[in-house]
Each structure stands twice: as structure tokens, then as C-alpha cells.
Amino acid sequence: MSLPQLDKIYNPQQVEDRWSQFWIDKGYFHATPAHPGQPYCIVIPPPNVTGSLHVGHALNNSLQDILIRWRRMQGRNVLWMPGTDHAGIATQNVVERQLLAEGTSREALGRERFVERVWQWKAQSGDTIIQQLKRLGASCDWERLRFTMDEGLSKAVREVFVRLFEEGLIYRGERLINWCPRCLTALSDIEVEHEESKGKLYSIEYPLADDPSIRLTVATTRPETMLGDSAVAVHPEDPRYRHLIGRKVALPLTNRTIPIVGDSILVDREFGTGAVKVTPAHDFNDFEAGQRHNLLRFSLFNHEALVDPSKLDVAGVDPDVIHTIRLLPVTKARPKIEQMLRDNGVLAKVEDHKMAVGKCYRCKTVMEPFLSPQWFVRIQPLAEPAIKAVEEGRIRLIPEGWMNNYLGWMRNIKDWCISRQIWWGHQIPAWYCRHCNQEEFKTTGSQGTTREFGFVSPVAKPIVATSRPATCPNCRSADLVQDPDVLDTWFSSALWPFSTLGWPEQTPELKTFYPTSALVTGLDILFFWVARMIMMGLKFMGDVPFRDVYIHALVRDAEGQKMSKSKGNVIDPLHVMEQYGTDALRFTLASMSSPGRDLRLAEERIEGYRNFANKIWNAARFILMHLDGEREAVPPTQRSFADRWILSRLNAAITTVAAELEQYRFDRAANTLYQFVWHEYCDWYLELIKPVLQEPASAEARRARGTLVESFETTLRLLHPFMPYITEEIWHALPHAGVSIVTQPFPTMQPAWESKETEAAFALLEQCLTLLRTGRALLNYAPGKLVPFLTSGTTEQDRATLGALRAHLAHLGKGAVQVSPAEEWPAENLLRLAAEGMTIGLTVEEDVDVQKALGRIVKQKEEGAKEVQRLEGKLQSVEFTAKAPADVIADHHDRLKTLRRDQAILHSSETQLREILHGRHT
RNA sequence: GGGCGAUUAGCUCAGUGGGAGAGCGCUUCCCUCACACGGAAGAGGCCACUGGUUCGAUACCAGUAUCGCCCACCA
């Protein structure tokens, strides 16, 4: 059999593309419901269709692929459902930036042409991330690639919307929502990021309308909103203010008087003065208070968060004030108002105050509470079953520490604002009859809106349907206008586990793969995505969307900073794959993925695992080099010590890896593999069998080759989910049956391989050798020089045991350690003797500087008793027989605890040792 | 303000009611015919602090400190 010539250094680039394509061409990743195995399904967290693979994706998908490949090898019916997300605002922003660079704009293009343009961009760049995922080795069923705006998925979106609307779980209304004045759209509560910032707390005095001598002091962080105040609230049982409820105060800078109301929900008596200004159009609490007390709402700013003079006019603001702050941004208006309040003598004080300011999660612009008509999902009825599913363990969060997070959020969940005033996305399947809503549409143009910025009046009555109705069911008019808003991106993602499987059609895929098995995702989208999938899955499928949710950490840079382009600390996974190989990247990410902890990725770490790949590669080279001859399967009873040992260890590795994967402990599984392959398989096993392989024709060698191939091939299969490329490449070079390692069975525990006795024996053997080497190094014994390694043992048996030890260990000292005598004994016997107290001695020739060695020990003792203790522990069985000055020996004799004198020392000269070396172990 | 997590070798992190570990880095020696992306040996830690439980605590409990994350309408 001719073996391929392998390079000394593993070159990932040369193999990766080849196998990636090979796997796809062979259709290994394609799933079919007809497959007899137990279904195992993961739906991918769909990346932004126009995005590029970042290291977070790399982590997320590496972990998924490990699970998927592992389950596939186990014979399960595996489906990894891939797809991309249209990512409404994010994508729209990107295309808008492109337009800006071209000197045009979304508005100039108009809605239809803009959306067309985004589709073009999608067509152009949508394939990028898919190709990158393939490069990562992701074994998705690429034939099933989905996109959230596919016809099928859009149908699911409309279906869900209509059903929820018909059940009253979706409604439309004018509410205070989070508004991004830059993206010009509403956002949901969780799309607002709170950031601590320094602000001021302003105390303003409002005089009673009928008795200006009495003043109520209220505090606010946003004095500019006082122009829109509708009331002052006090606690109804507060003795200071109780009697004032029902009276009015004169609102400074305006011609309005506003009532004093009692409200126990809004007002905390203990806080501040106990009196609160109420601004229903600019504060979420105040909005609710306003509803409770039927207060007027005075909106002051326009959709760009600029002071709107016409609204100020409506709010009865003093014309001079309007003039001063008209069209100013909110932050610019604030100091003007502050000054005017001061001029009016009603600004009691200004203090420093820290506050949380909300920012848009897409563009970091400061958000503004904005009164506008929007669509909402009534979430509570959906949340309850979703809470139960997790409480009852039908869905498992891993690590489970996140459960409280999830439950806490779900229990306090608020209605979900799902309408967005952007163009890219699923347009809301609601239409308005222009005829029936004449009043509302009177003042408008073709867009069919009555208000600023394209809002359809909140009073207009929508017709909700999965497709455009031909006529108005009420008046038969065909003059229908579709609601201009689109749905929150996360609305369609919430349906992902069943929409991708064909819902609302009852497909075989849906039947086979729903509920899916596991979801692998980052914490950052637990609420955005995971929680909503659970709610929607339970609602529309009547069952949980997945059993396990594995929540992995965020990838940070080596300093623990979030990676961001602006900081320039981004590790580009594509670059890493290029430089170190995909397998190295995957293995690194897996090995660092401890639960509940962010992972700091440093390039050195990747380099380390690149070296690991190279180690595997060279082990393969070694093995292939020695395979040029017959080999036989070995009956367990005839296996050599080394064979029994490595199979037992391999067995342990298999058991551990599988157990860790079951628990999503990718880190421990990876570390087990690393430890096994490098420090057991390569460091010890391959070294142990080297001498045997030196005689290729021997029966011993034939048997050794049998186990060698078997153990290595098994190891490759064990490694494959983590390092798919290199394992496939090497597997093909090894003797094998089958077409690809991808479809080979995952190794399973072999009870016959387990041998605790052999492992115990090996442990002793290892100790002996380490002792020997330590002694050598400690005594500065020249590296090329043989160390006579002599042991006690008076009987023939002892002597023979020692010989066997030499046979097994001679090479381990890399030619510099030899054991005498030469008789052959099974190593186990030696080890048994060792266990019974036999001591191994190290004899030093006269040219060794014992004094120096001992001096080191003494010096270290002076420096710290602990170190010397450790040294003594190691040296306790080392014998010094060199011609050192007698006083030195005497001085340190007791501490060195030399060999017991009742044991004979087998001595050997250098000449004898050379004979042994060349005579070898046959 | 509430909740959660972290604190172990220079760095990144595992870990367990009884011996303190790994990778990388570092020191010494070695380019020995699988691998210098390698081999051998080694240095380096009051396991954050303070109490408690225990025969025994790095581990369990309480508190403190520092850091981080999530949530939050206290004007």
C-alpha cells in the first residue's frame, strides 16, 4: 500500500475548501423526514442577511456544528436548519448609508424603489455570510436555506398576525413609545439600552392658581418637558398636600392651570418633596397616570426630537418662550428653559444627579418617549404558558442560572410594540378604507396619512387580512390603503422554529423535527428572540419550540473589552481561519466556552490549538510511516502493555467527551481531547511502541500496528465534531472503510478496553521515569550522556523485571537513559515491585558535580522550606554514589534519604550500558 | 435601586469537603530519523478579605471589597 506523502507542517488551506465542497456534494448534510434515526434538529440563529461573519457567529456556529456532527455520527436524523434574517433597521441603515454616499436618500427614491434597492443589496451580499459559514465547516442542510422574508415565511408572518389580531392579542393604539429620532421609528422596550449619565435635578415651584403665595415644589431631570405638564400629583394620604387635591396650580411659562391630583401609584411620599409633575406625553409613568386621571396629553417635540412650535402653541406656551426654543433639539432647549424658569423666580434649585438615559440599540441616539399610533402585541396571555414551560422544565436553560433572568423578565413583561416606521420588512397586513375613514384621510396625500410623519390616525379602523382585500367589507369601496408600518424584525424571527419547517402548512418536516432539540444562542438575544420563540411556538404549535437552550457567552478581546470596529480590537474569524486554520479556531472557541462566563479571545490561544492540529498531523505522519507492513487485529489477551493502556485511556476519553457534550460542556470535552491526544497518545503511547515498530516484520510489530490504527482511527472520529477538516483529511489517508468520516459512527465506550490495572501500572511507570528525568536534570547530567539507571532487586525475577522496564522505557529518555540489566520482564512485574516498595536508584558517575547539585538543594532550602520539601519528596529514592566529598554526602545524607541499604544495587559501567543500548530489547 | 456572576500561577481559565491544576508565557537543556507549530526538566499561588459550619474549607454558609453583566419609570 502506498501512502501519501504528508508535509511536515499541516497546511489547513490546502484541505479545507476541498472537503467543505465534498461534504456538500455528497449530500451528507441534507436531512429527510424519512430517515430512520431519532430526529435531532437545531435551527440556526439567523444572521443578518447582509452581514459578515464575526467571531460571535464563529463561536455560536462552531458549537452548533459540534453538536450537530456529534449527533449525526451517533446515527440520529439530524437537521441543522440554516437561514438569514432581514434585520429590518440594521439593513435599512446600511442601505441608507450607501444612498447617502451616492448623494441620494431613501426619501428621494421613494418606498417602492428603496425596497427594491434593498433586495438588490441582499442579492448581492446575502451569500457572503452563507459562504463564510460553509467555510467554518457548518454542516447545515444548505438545501433548506431560509430567509425571513421568503414567501413561505412571510406567509407565516401574516398568518400569525391575523390570528393574533382576531383573538384580540394584537391591537393598535396611540401610546407613548420609545422613539429613535435618528432611525425615525418606534422601538420596543428592549431595544433601548440604558446608559448611566450625569444629569441635573431641577426643582421647580408651581404657585397655586388661586393663591400664588402657596407653591408646590416638583423636581425633574427634564425641565423642558414642564411645558407639557397636565397635572401635579401628590400622594392621596399625604397630610402635607391632601387638602390641596382638586385645586389647581398655574403652570409657569404657559397660560395653563393644571390640577393637583392624588395618585398613590405614581407618588412616593418619601421621595423629594412628595409632589410630582405629570407629563403624560413625555414620560412613561406619567402616561399611565394620565390615563388614570384622564389628563390631557401635550406633546412638545416632533419626530426628530426638535421643539415643535405648533405643539407648544397648543400647549398654551407663552409666545416668547416658543420663539426662544422653536425647532431646537431637546438638549439645546433645556438650558433655555432653565434660564427662563430662573428668570421667573420659580427655579428653586439645581443639583447634580445621575440618571439612566435610553439609547437606540442600533445607532446609540438618545431615545425620546414619543406619543404615536402603533401596533402592539398583548403579551401577557402569551407569556404565561411560556413561563410555565420553563418552570416545569419542558424547556431547559443551560446554564440554568439564566432561568431567573428569564422568568423575572417574563413576569414583568409589557406589551410589545411591533410596528416600525421603516420600509424594509414585513409590511403590516392591515388596510384602511379611505371611504370609511374620510375624516381621517381628508387632509392627506396619497400616502393616506393624517398626521406628521406618515402616521395613520389612531382612530382609523384597520381591516386585517392575510392578503389585500378587494373591497372594504363595510362599504364595498376598493379604495384601500395598506398600513405603512412594517413589523419588528423579531416578529418574524419569533416564528423561526416552525416557519422554517413549513408552517402554516402541515409538512412532514414540521411533524418530524418540531419541537427542535436544542437552541444555541448568545445571552444578548434571550429576550429579543428566545423568549418570543417560546411564546409563539407554544401559541401556534401547541408545544415548546426546543427542549434545551444553551446560552453561550459573549466573545471579548484579550483585555475583556467588547469587540468593536471603532476600538480596532476585532478578531476577524476569516483572517484567523486563513492564518491558523478553521479547526484551530473551532477548537479554541470550544475550549474556551465555559458556561456563564464571557470568553476572552487572544490570538496566542488560537496559535496553541493550531499547534495541536499540527501535533495530530504529525502523529498521523508517524503512524503512516510505520504502517508499511501487515497488521492484525489483536485479541485482547495478546495486547501489549502499551496497547492495553492506550485503549483504556481512549475508552476513558470517549466516555468523558460524550458525557461532557451531553451537558454542553464544550470546554471540558475539548480539554479532554487535547490532554488525551497530546499527553497520552503522543507523549506516551507512541513513544512506548516506537521500539516495537523498529522491527517492522516482527509479530509484535504486526500486533502493535493493529492497535495503532484502531486507536488512531477511533481518536479521529472522537475529534471530528471539533476539528472536521483535519480529521477528514487524515482519515482518508489511513486504512478505512467508508467514504467520509462525517457519516462514521461516533466512538462508544468499549467495556473490553477498560483496564484499571494497566492504568495503575502505568501510573507507577510514569512516576519512575519522571523521577529519573528529574534526577538527571537536577544533577546537570549532560544530555548526550547515558545515565546508568540502576535498581534494587536481588532475585532473578527482579532482575528480569528490570530488563523489561528497560525494554519499555529505554527510548523515553531519548537515548540518555538506560536501564539495566537487560533481562526481559513484563513491565507490570516491575511495577508491582515498585508498588511493594522497591526503590529505583539513580547512580551518578564520578564526573558529575554532586557538590553543585547538593548545593542547589541547600540553597533552595535556605530560600524556603517548602521548596526543599518538594525536592526531597522527589529525590527520596535517588541514590548518589558518586565520588563526592564525604562531608557533603554526610551533611545531606539524611535529607536525601538514599536507598535502603538492605537492597542490593545493580551496578553497571558505561560500557555495559552501551551494550544494553545496542543489544536492545528483543 | 434590584438581580446575577466573577475573584485560583505573569496572562486566560478549569476544579474538588481531605493531595492546588491546565493552556499560553517564562527559565534551563536538547534541531535524537512524527512533530522546534517539537521534546525533557523547572520556577511561579496565604485559591480576594473577614467571620462561621466542620476533625478538616480554595470548595459549604454569612458578611466585606473590587470588577463585570442583566434588569429598572423613583420624579
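Please read these numbers as outputs of a predicted model, since none were measured by experiment. Chain letters run A, B, ... following the sequence lines, proteins first, then strands; residues in each count from 1.
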- Of the candidate nucleotides B/C35, B/A75, B/C70, which contains the atom at the shortest distance from the side chain of A/F527? B/C70
- Hey, are A/E16 and A/R586 close enough for a salt bridge, meaning a charged N less than 4.0 Å from a carboxylate O? no
- Message: Given B/A40, B/A34, B/A75, identify the nucleotide with an atom nearest to the side chain of A/D268.
- Response: B/A75
- Message: Take a 6.0 Å sphere around CD of A/E400 and say whether it holds more than 12 heavy atoms from other residues, nucleotides or ligands.
- Response: no
- Message: Please give me the minimum heavy-atom distance between A/P280 and A/L176, naming the atom from each residue.
- Response: O-CD2, 3.6 Å
- Task: Tell me what A/R665 touches on the nucleic acid: a base, only sugar-phosphate, or nothing, going by heavy atoms under 4.0 Å.
- Result: sugar-phosphate
- Query: How would you label the contact of A/L266 with the nucleic acid (heavy atoms, under 4.0 Å): base, sugar-phosphate, or nothing?
  - Reply: base
- Under 4.0 Å from any atom of RNA chain B, heavy atoms only: list the residues of residues 405-416 of chain A that qualify, in numerical order. A/N405, A/K414
- Paired to B/G2 by Watson-Crick or G-U wobble criteria (both distances under 3.5 Å) is B/C70
- Query: Considering only the P atoms, how many Å lie between B/C67 and B/A72, rounded to the nearest integer?
  - Reply: 24 Å
- Message: Between B/A48 and B/U12, how many Å separate the two P atoms, rounded to a whole number?
- Response: 15 Å
- Item | Atom-to-atom span, CG of A/N611 to P of B/G25 - whole angstrom | 8 Å
- C1' atoms of B/G15 and B/U8, separation to the nearest Å: 9 Å
- Distance, rounded to the nearest Å, where A/Y10 contributes OH and B/A36 contributes P: 17 Å
- Of all the choices, B/A75, B/A34, B/U12, which nucleotide is nearest to the side chain of A/E687 once you look at every atom? B/A34
- Item | Pairwise C1' distance for B/C31 and B/G25, with rounding to whole Å | 22 Å
- Item | A/I190 or A/K8, whichever maps to the more 5' nucleotide of RNA chain B | A/K8
- Task: Check if the side chain of A/R621 and the base of B/C35 share a donor-acceptor pair of N or O atoms closer than 3.5 Å.
- Result: no
- Message: Applying a 4.0 Å non-hydrogen cut-off, can you work out what A/F284 is touching in the nucleic acid: base, sugar-phosphate, or nothing?
- Response: nothing
- Partner of A/M226 under side chain to side chain contact (heavy atoms under 4.5 Å, CB included), chosen from A/L300, A/V346, A/L341: A/L341
- Does atom CD of A/E351 have more than 12 heavy-atom neighbours, drawn from other residues, nucleotides or ligands, at distances under 6.0 Å? yes
- Query: What is the pairing partner of B/C37, taking Watson-Crick or G-U wobble pairs with both distances under 3.5 Å in any strand?
  - Reply: none
- Note on the structure: In Watson-Crick or G-U wobble terms, with both distances under 3.5 Å, the base opposite B/C47 is none
- Assign A/R668 to base, sugar-phosphate, or nothing according to its heavy-atom contacts below 4.0 angstrom with the strands shown. sugar-phosphate
- If we take the P atom in both B/A57 and B/G42, what is their distance in whole Å? 30 Å
- Going by an N to O cut-off under 4.0 Å, is there a salt bridge joining A/E603 and A/R610? no
- Query: Now, which nucleotide makes the Watson-Crick or G-U wobble pair with B/U16, with each of the two distances under 3.5 Å?
  - Reply: none
- Note on the structure: note: A/E351, atom CD; B/A75, atom C1'; distance rounded to Å ~ 12 Å
- In the strands shown, is B/G23 matched to any nucleotide by a Watson-Crick or G-U wobble pair with both distances under 3.5 Å, and which? B/C11
- Task: May I ask you to decide if the ring planes of A/Y609 and A/F587 are parallel, tilted or perpendicular, using 30° and 60° as cut-offs?
- Result: tilted
- Under 30°, 30 to 60°, or over 60°: which ring-plane class applies to A/Y361 and A/F528, parallel, tilted or perpendicular? parallel
- Trace of the salt bridge (Lys or Arg N to Asp or Glu O under 4.0 Å) decision for A/R665 with A/E660: CA-CA 5 Å; A/R665 287 305 300 262; A/E660 299 294 8; 5.4 Å; no
- Query: Distance between the C1' atoms of B/U58 and B/C4, in whole angstroms?
  - Reply: 22 Å
- Message: Just the rounded figure in Å: distance from P of B/A72 to CG of A/N178.
- Response: 10 Å
- Going by distance alone, is a donor N or O of one side chain under 3.5 Å from an acceptor N or O of the other, for A/T672 and A/Q675? no
- Message: If the threshold is 4.0 Å, N to carboxylate O, is there a salt bridge linking A/R292 and A/D263?
- Response: yes
- When you measure from every atom of RNA chain B, which of residues 275-283 of chain A have a heavy atom less than 4.0 Å away? A/V276
- Item | Contact nearer the 5' end of RNA chain B, comparing A/N285 with A/Y609 | A/Y609
- Check every strand shown and say whether A/V218 touches a base, only sugar-phosphate, or nothing at a heavy-atom separation below 4.0 Å. nothing
- Task: Nearest whole angstrom, please: distance from the C1' of B/G3 to the CE of A/M403.
- Result: 14 Å
- Message: Taking B/C24 as the reference, what is the distance to B/A34 when you measure between their C1' atoms (whole Å, please)?
- Response: 23 Å
- Query: Closest heavy-atom contact between A/N614 and A/K8?
  - Reply: OD1-O, 3.9 Å
- To the nearest Å, give me how far apart NE2 (A/H353) and P (B/G1) are. 12 Å
- Query: Does anything in residues 671-679 of chain A reach RNA chain B, meaning a heavy atom under 4.0 Å, and if so which residues?
  - Reply: A/Y674, A/W678, A/H679
- Could you work out the separation of B/A65 and B/U50 based on their C1' atoms and round it to a whole Å? 10 Å
- Check the angle between the aromatic planes of A/F666 and A/Y550 and answer parallel, tilted or perpendicular using the 30° and 60° thresholds. perpendicular
- Contact under 4.0 Å: A/S594 side-chain N or O vs B/C13 OP1/OP2: no
- Message: For A/L295, run the side chain to side chain contact (heavy atoms under 4.5 Å, CB included) check against A/T279, A/I258, A/V278, A/D286 and tell me which one passes.
- Response: A/V278
- Between P of B/C74 and NE2 of A/H194, the distance in whole Å: 8 Å
- Item | Partner of A/K359 by salt bridge (Lys or Arg N to Asp or Glu O under 4.0 Å), out of A/E191, A/E195, A/E193 | A/E195
- Now, which nucleotide makes the Watson-Crick or G-U wobble pair with B/A57, with each of the two distances under 3.5 Å? none
- Query: Atom NE2 of A/H626 and atom P of B/A34: how far apart are they, to the nearest Å?
  - Reply: 6 Å
